[in-house]
Amino acid sequence: MDSALLVHRLHFAFTATFHYLFPQLTMGLALLIVVLKTIGLRRNDPVYHAAARFWGRIFGINFVLGVVTGIPMEFQFGTNWSVFSRFAGGVIGQTLAMEGMFAFFLESAFLGLFLYGEKRLSPKAHWLSAVAVFVGSWLSGYFIIATDAFMQHPVGYFTASDGSLQLSSFWDFVLNPWAGWQYAHNMSGAAITGAFIMTSVGAYYLLSGKWTAHARIFVKAGVIAGCLFSVLQTFPTGDRQGKMVADLQPVTLAAMEGLFQSQPGAPLVIVGQPNEQKGTIDNPIEVPKMLSMLTYQRWNANVRGLDAFPKQDWPGNIPLLYYSYHIMVGLGTFFVAVMAVALVLLWRGRLFNARWMLWILMLSAPFPYIANTAGWMTAELGRQPWLVYGLMRTEDGYSKLVSAGNGMFTLLGFMGIYTVLGILGLFLIWREIEQGPGNESLSNLQPATEAR
């Protein structure tokens, strides 16, 4: 691989991965904040309002950091991937502009009203501002997913006389069938992040004996949402996304599963190490015929392996793709198990006093970030060697006049700046957690309110 191409890929991978640490939490929290505000409005409960206000402040910190780290990605289309931008900009520029002009401004404007307008707005108007923030954040997510979906499965375009892609059907592009299931899968992942973080903070408060009324709300809301979206992440969204990959990118499926040889009744590998040189999985633990069943609903269905495709069309880093996919799936299974146990304890009224489970919930906070990162790595590594699937290879899309040295210099600069931003973000969020959900004294809370 050309050294400049490698640097440009690492550069964008770093900025995209770091940036997405923040939107996944804001999109997840946006939904949960609406839930808290809705319950608070219906019950006229100050504890729920204080809980929503607390998570609104956490949302605001993440939103600002997400904006700061997201803007450079837009410029990288010109600085690092100028050939790609000239080739596909006539199509993907539509959703990128819509994300900035509509969703971003809607989200940011109403976030200001939610954070600073509670005393100036009526209760219903303040609730509507929370709903608008939720709509803006999830709409923003869809426009980004639609952009990526075009790179995974290009539709709604035509090739102009100069060789560039231009939009032929806006609705075909925006309603790309790939985008629908990818969006559902991505947003359930974001909701899992929000649920686990909310549950983790609530568990921390309960273990510390602080803000217990609010903590019970955090844990209850987080566990219910976490269980729901962990199941949705597996089925139907994950299942349908996998079937779409099998239909439209079969070589990607083969690499994800480490299936080097086509075979009927293909097994599902649970654990193993891909050996690309030998074309085998070392030390495999597998379920016979399960991959055929999951993919085509027939035990003996033939699943095409990597041997069915030209080697130049294989994903460039099969081991990394394989491990990313299996980390994502493994953690998704973990999420279902943990949240199911927590939900049973909640239903039996034992969760708030089960310190062993509270410790598990508190320490699980980093795992959704790892799972979401592994999921995006699976999607983007799986698309390789294509930048726009079937139309432009990655090696043809980078900025040829930007040298590897220049790219490395800016990459190191970004890494330094983002490290400072990451530390600042952790500090600000930890300060909010230490200050607590509000000024209400626990001694002034009614027992009935705390028990809800």
Side-chain angles (χ1 to χ4, degrees), residues 1-20 66-101 104 143-154 156-168 173 310-318 320-321 373 376-377 379-421:
M1 182 186 297
D2 183 275
S3 59
L5 172 59
L6 177 61
V7 170
H8 288 311
R9 290 184 65 183
L10 289 174
H11 202 320
F12 196 85
F14 171 76
T15 53
T17 300
F18 190 91
H19 164 70
Y20 194 64
V67 170
V68 171
T69 56
I71 290 175
M73 292 175 59
E74 302 280 351
F75 288 102
Q76 281 187 281
F77 286 113
T79 58
N80 298 74
W81 300 96
S82 58
V83 179
F84 163 71
S85 297
R86 285 194 297 270
F87 177 72
V91 179
I92 66 171
Q94 314 296 320
T95 43
L96 291 176
M98 293 172 70
E99 192 272 339
M101 295 300 295
F104 170 70
F143 290 142
I144 295 300
I145 292 295
T147 304
D148 185 75
F150 178 81
M151 299 168 68
Q152 301 280 358
H153 177 57
Y157 71 95
F158 71 94
T159 304
S161 57
D162 62 355
S164 65
L165 304 182
Q166 301 297 327
L167 197 64
S168 64
F173 167 53
K311 195 160 186 177
Q312 63 266 25
D313 291 340
W314 291 11
N317 194 328
I318 291 174
L320 183 57
L321 171 59
T373 300
W376 272 108
M377 289 178 64
E380 303 311 299
L381 290 168
R383 191 185 69 241
Q384 301 303 318
W386 301 99
L387 203 50
V388 181
Y389 202 81
L391 299 177
M392 171 179 266
R393 287 184 174 261
T394 304
E395 61 190 17
D396 298 325
Y398 73 98
S399 299
K400 302 298 192 295
L401 298 180
V402 180
S403 67
N406 287 336
M408 181 59 71
F409 176 78
T410 55
L411 173 57
L412 293 174
F414 270 83
M415 293 174 72
I417 294 171
Y418 281 16
T419 298
V420 174
L421 288 174

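Side-chain atoms of Thr95 and Phe150, non-hydrogen and from C-beta on, never get closer than 4.5 Å to each other. Looking only at side-chain heavy atoms (C-beta outward), Leu165 and Phe158 stay at 4.5 Å or farther from each other. Taking the side chain as every heavy atom from C-beta outward, Thr15 and Thr69 never approach each other to under 4.5 Å. Using a 4.5 Å heavy-atom threshold, the side chains of Leu321 and Met377 count as separate. Put simply, the side chain of Leu96 reaches to within 4.5 Å of the side chain of Ile144, judged on heavy atoms. You'll find the side chain of Thr17 stays beyond 4.5 Å of the side chain of Trp376, heavy atoms only. For the pair Trp81 and Arg9, the minimum side-chain heavy-atom distance is below 4.5 Å.
Note that the CG atom of Leu167 and the CD1 atom of Ile92 stand 11.5 Å from one another [nearest 0.5 Å]. One finds the CG atom of Leu320 at 11.0 Å from the CD1 atom of Ile318 (value rounded to the nearest 0.5 Å). Taking CE of Met73 as the reference point, atom CZ of Phe18 lies at 12.5 Å (rounded to 0.5 Å). Rounded to the nearest 0.5 Å, atoms CD (Gln76) and CD1 (Ile71) are 13.0 Å apart.
Applying the side chain to side chain donor-acceptor pair (under 3.5 Å) definition to pairs two or more places apart or across chains, those involving residues 404-421 are His11-Thr410, Ser403-Asn406.
By the side-chain hydrogen bond (donor to acceptor under 3.5 Å, both in side chains) test, Ser164 pairs with Asp162, Gln166, sequence neighbours left out. Evaluation of the side-chain hydrogen bond (donor to acceptor under 3.5 Å, both in side chains) rule for Ser399 yields Ser82 as partners, not counting sequence neighbours. Scanning for salt bridge (Lys or Arg N to Asp or Glu O under 4.0 Å) contacts around Glu99 gives an empty result, with sequence neighbours left out. For Ala13, there are no side chain to side chain contact (heavy atoms under 4.5 Å, CB included) partners at least two apart in sequence or on another chain.
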Exercise for the section: Assess whether side chain to side chain contact (heavy atoms under 4.5 Å, CB included) is satisfied between Leu421 and Val68, documenting all intermediate values. Expected result: CA-CA 9 Å; Leu421 288 174; Val68 171; 3.8 Å; yes
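Heavy-atom neighbours of Phe14 CZ from other residues, nucleotides or ligands within 6.0 Å: above the threshold of 12.
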Side chains of residues 387-397: which donor-acceptor pairs under 3.5 Å do they make with residues two or more places apart or in other chains?
| residue | atom | partner | partner atom | Å |
| --- | --- | --- | --- | --- |
| Arg393 | NH1 | Gln312 | O | 3.1 |
| Arg393 | NH2 | Asp313 | OD1 | 2.6 |
| Thr394 | OG1 | Gln384 | OE1 | 2.6 |
| Thr394 | OG1 | Pro385 | O | 3.4 |

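Ring-plane geometry between His8 and Tyr398 is classed as tilted, the angle between the planes lying from 30 to 60 degrees on a 0 to 90 degree scale. Between Phe77 and Phe84, the ring planes lie tilted relative to each other; the angle falls in the 30° to 60° range.
Residues Val91 and Phe173 approach most closely at O-CE2, 3.5 Å, considering heavy atoms. Residues Gly382 and Pro315 approach most closely at O-CG, 4.1 Å, considering heavy atoms. The two residues Val7 and Met408 have their closest heavy-atom pair at CG1-N, 3.4 Å.
Side-chain atoms of Gln152 do not come within 3.5 Å of backbone N or O of Asp148 as any donor-acceptor pair. Looking only at distances, a side-chain donor or acceptor of Ser168 sits under 3.5 Å from a matching main-chain atom of Gly156.
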